[in-house]
Novice: 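The structure's right below; bear with me while I get my questions together.
Everything numeric here is computed off the predicted structure, so don't read it as measured data.
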Amino acid sequence: MARLRSIEPAPGVRRVLAVVEDRSAEDERDLARLEIGALVDTAGIGVATFDESRGWLRSTSPRAVAGGAAPVESVQAISRDLVDPASTADYDRLQRALKSGERVQVRYAVRHPELGRRWLLTRVEPGRLAGGRRTVSVVTLDVTDQERSREQLLVQAERTRAVLDSVLVGIVTVRDGGIEWMNRSARRMFGGDLADFVGQPIDAVATDAPDHPLRRADYPQVLAEGRAEAFECQLRARDGRTFWVVGNVVITGGQLTFALLDIERRRQAELRMAQSQASLERIIETAPMAIALLDAATLRVLQLNQMAAQFLGCRLDEAVGQPVDERFAGGDPSAGAALRADLLQALATHEVTQREYQRPAPDGGARVWDARYVPLDVETGDRGGAGQLLLVASDVTAQRVAEEARLREEIAQRDMLVKEVHHRIKNNLQGVAGLMQQIAERRPEVAAVIKEAVGQVQAIAQVYGLQVGSGGPLRVRSVLEAIASSVQRMFGRPIAVEVCCADVHRWALPEAESIPIALTVNELLTNAVKHGADGAVRCVLECDDGGITIDVVNRGVLPPGFELARVPGGVSGLGLVRALLPRRHAALAMHAAGDEVHSRVTLTSPVVQRLDPL
């Protein structure tokens, strides 16, 4: 910029005075002021400057701070009554700094008449100009939105911590300065309040183990953001209590967060379970019975004791992992198939199944095992839902021997009592027969009837007499010979018993049929003696695979037109025979052959029995 002026230092002398001024720096300053003013106006920032020679300078822009909280040139003009009571102390600190020209930054709240509660951030920055004059720059920023966001974050953080306080997992947050926060579960684990641990390293609760996970300092280097690492360790609380925890550590935003779960009770339970399992295995191993655990799907041996190996008939190390039916009885296919069938039936029934086996003993004898199978629903298996099958077997050889001995003793005692009863019955029947004979002698008019009854009583007595000396069912031959002898003694006629059977000793009469058959034979022999001609009476015994035939033969003839079916029933003679014989499995027939009459009785099972050979 140049200015020209004409002067006459002397008359007639004209001179031109030129003043040249460089205004480029002033233009640049004005341009900077415009740019700063535009920036301040658009950013919503209030700026004021204090010059000790000129006082507070008005800003280039008369706008208020963002939202119109207060004019930038009148920060000091914000009266105390507009300040929120909670920010009074911060406001007073700002005023002191303004008066003394100290550097300070203050966040405070004011209550605007129109906009309500607003948060302002004011920074006081002292300085000096080139001439040495003191200046103070004041910058005010409306941070209401940021403050509200911060409050919301704080509320959300409090809610999150409240939730974390309610969980059973201990949560601990750690930064470089040590523990920042811990939830209620962590405080309970560590045995103290939050104030007791804030600022302390997390390894304050670690045990003396040198490789303890809480002593590691490389987590920020080895862990990626948001990635966790699990661990299991033992902690020591403030009261000296030690306990096991399982946890993990995660890093987020430079902060380590530890999640710890107290597993002391679980470890104690696992220890007790392990001890119980060891005790159970020792009991199983030393138990005086065979115990084996089988897989239900494959019937393979999972576990067994020494007694179970003896039951299977193999060594202990040979059976584990092998199909039980292939190891049973040394690989005998028939025995193994029978065992497999029993196991499958036990799995199908889902109930306790009992079986008895005879197994060879090491000394060459036989052992009796009482086995029981119990399906166990450990897991879902392929066979009816049972996962395992428990086999329990006991060696009951001595028990069976004792039971058999006791049974034999009871049978012997019973046989002795039965024989005694039969002997007494025989004696009583013979006494009755003797009395009846005496009556017959005194009463000749009824002697024939009484004599017939005496023969029947004698026949019954013979049966009981045979039972006294018999050790089992009465043999047919013995009954025939005894009845024939009794009739022969009574009538004085010879009676010959002929046996036409090679295995006659195997044919016997059941106890229930012995007396009816004996009375039948007695009646037929008596009838043959009374109605036959002189001479011997024969009693022929024949047998085949189907049964036996008793043929009573005497000399004589049958009446003309005789039919056995027309013989009336009665208490003697053929009527008695027809009444005594069973209606099934027994038949009576009479026919004449020359000068002989044949009375034939045919007996089949079960009226007569064919015993097994000795």
Novice: Side chain of R80, backbone of D92: donor and acceptor closer than 3.5 Å?
Specialist: no
Novice: Ring centres under 6.0 Å, that's the criterion: do Y357 and W369 meet it?
Specialist: no
Novice: Mind checking whether Y219 and F258 have parallel, tilted or perpendicular rings, split at 30° and 60°?
Specialist: perpendicular
Novice: Taking atom types as modelled, find out whether T257 and T173 have a side-chain donor-acceptor pair closer than 3.5 angstrom.
Specialist: no
Novice: Any donor-acceptor pair under 3.5 Å linking the side chain of H212 with the backbone of L235?
Specialist: no
Novice: Does either side chain, that of Q345 or that of R355, offer a donor lying less than 3.5 Å from an acceptor on the other one?
Specialist: yes
Novice: Taking D196 for the side chain and D193 for the main chain, is one N or O donor matched with an acceptor at less than 3.5 Å?
Specialist: yes
Novice: Among R118, R107, R111, find the one that has a salt bridge (Lys or Arg N to Asp or Glu O under 4.0 Å) with D84.
Specialist: R111
Novice: To the nearest 0.5 Å, how far apart are CZ in R184 and CE in M189?
Specialist: 13.0 Å
Novice: Counting only heavy atoms not in R93, do more than 12 sit closer than 6.0 Å to its CZ atom?
Specialist: yes
Novice: Consider only side-chain N and O atoms of Q399 and E403, and report whether a donor and an acceptor are under 3.5 Å apart.
Specialist: yes
Novice: Hey, what do you get for CG (D262) to CZ (R267), rounding to the nearest 0.5 Å?
Specialist: 11.0 Å
Novice: Thinking salt bridges, do E270 and R266 make one under a 4.0 Å N-O criterion?
Specialist: yes
Novice: Between the side chains of Q268 and E264, does any donor sit under 3.5 Å from an acceptor?
Specialist: yes
Novice: Does C314 form a side-chain contact (heavy atoms from CB on, under 4.5 Å) with F328? I'd like the steps, not just the answer.
Specialist: CA-CA 8 Å; C314 63; F328 188 59; over 6 Å; no
Novice: Compute whether any side-chain donor of one residue and acceptor of the other, for D295 and T298, lie under 3.5 angstrom apart.
Specialist: yes
Novice: Return the CZ to CD distance between R159 and Q152, rounded to the nearest 0.5 Å.
Specialist: 9.5 Å
